S.K.: 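Structure in structure tokens, see below.
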Amino acid sequence: MSNKIRRSMPLFPMGTVMKLTELSARQIRYYEEHQLIRPERTEGNRRLFSLYDIDRLLEVKDLLDEGINMAGVKKILLQEENKEVHSNVKEAAGKDKKDFTNEEVRKLLRKELINAGRFHRDDLPPGERYRYFH
DNA sequence: ATTCTAACA
DNA sequence: TGTTAGTA
């Protein structure tokens, strides 16, 4: 579909993305280093972000705000094609696969990763490292 | 004026 | 992550 083309079309420069996502240039570049986004470049090496990139940045921001660190965020965003994990989560909840929306799956994955205790943020005080979602 | 990379009194 | 230096 042509919608995919538009979403991946290189359009906005750093300054615009900073305002749209409320993220600093430092953070945006850092997330790119971790392969979370792959913005195009102009002839002058300036980044051009797509709508898809902005969606990804907002997801990264949400995940981070909820207490998941880079390792956890990468596990989630870079493994969207990992149907095994998704299936397990779906079954564990005793619900049919196609009855879940992507948002529900993300929520369950977050809870699983957090409760597993392997992807806690290390920059929070002891009392703030363990948070659950309801 | 804006963005980029590299680096850290 | 912030911030700053020196560019393009």
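Chain letters run A, B, ... following the sequence lines, proteins first and then strands; every chain starts at 1. Only a predicted model underlies this, so the values are computations on that prediction, with no experimental measurement involved.
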S.K.: In whole Å, I'd like the distance from the CD1 atom of A:Ile28 to the C1' atom of B:dC4.
M.R.: 13 Å
S.K.: Can you tell which of A:Asp53, A:Leu48, A:Ile54 makes a side-chain contact (heavy atoms from CB on, under 4.5 Å) with A:Ser50?
M.R.: A:Asp53
S.K.: Starting at the 5' end of DNA chain B and moving along, which residue's nearest nucleotide shows up first, A:Pro13 or A:Arg26?
M.R.: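 The answer here is A:Pro13.
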S.K.: Heavy atoms, side chains only, cut-off 4.5 Å: are A:Pro39 and A:Glu32 in contact?
M.R.: yes
S.K.: Distance check needed: C:dT3 C1' versus A:Tyr30 OH, whole Å only.
M.R.: 17 Å
S.K.: Which parts of residues 31-51 of chain A get close to DNA chain C, meaning a heavy atom less than 4.0 angstrom away?
M.R.: A:Tyr31, A:Arg46
S.K.: So, for A:Leu64 and A:Met70, which heavy atoms are closest and what is the spacing to 0.1 Å?
M.R.: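 So the two residues come closest at CD1-N, 4.3 Å.
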S.K.: Got a donor-acceptor pair under 3.5 Å from the side chain of A:Arg29 to the base of B:dT5?
M.R.: no
S.K.: If B:dT2 has a Watson-Crick or G-U wobble mate with both distances under 3.5 Å, name it; if not, just say none.
M.R.: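 Pairing partner, where one exists within any strand: C:dA8.
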S.K.: Nearest whole Å is fine: how far is B:dT2 P from A:Lys19 NZ?
M.R.: 8 Å
S.K.: Contact between A:Lys61 and A:Gln27 at the side-chain level, heavy atoms closer than 4.5 Å - yes or no?
M.R.: no
S.K.: Is the shortest side-chain N to carboxylate O distance from A:Lys74 to A:Glu59 below 4.0 Å?
M.R.: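 Between A:Glu59 and A:Lys74 there is no salt bridge, as every charged N stays at least 4.0 Å from the carboxylate O atoms.
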S.K.: Mind checking who C:dT3 pairs with, Watson-Crick or G-U wobble, both distances under 3.5 Å?
M.R.: B:dA7
S.K.: Within the 4.5 Å heavy-atom criterion, are A:Phe49 and A:Ile28 side-chain neighbours or not?
M.R.: yes
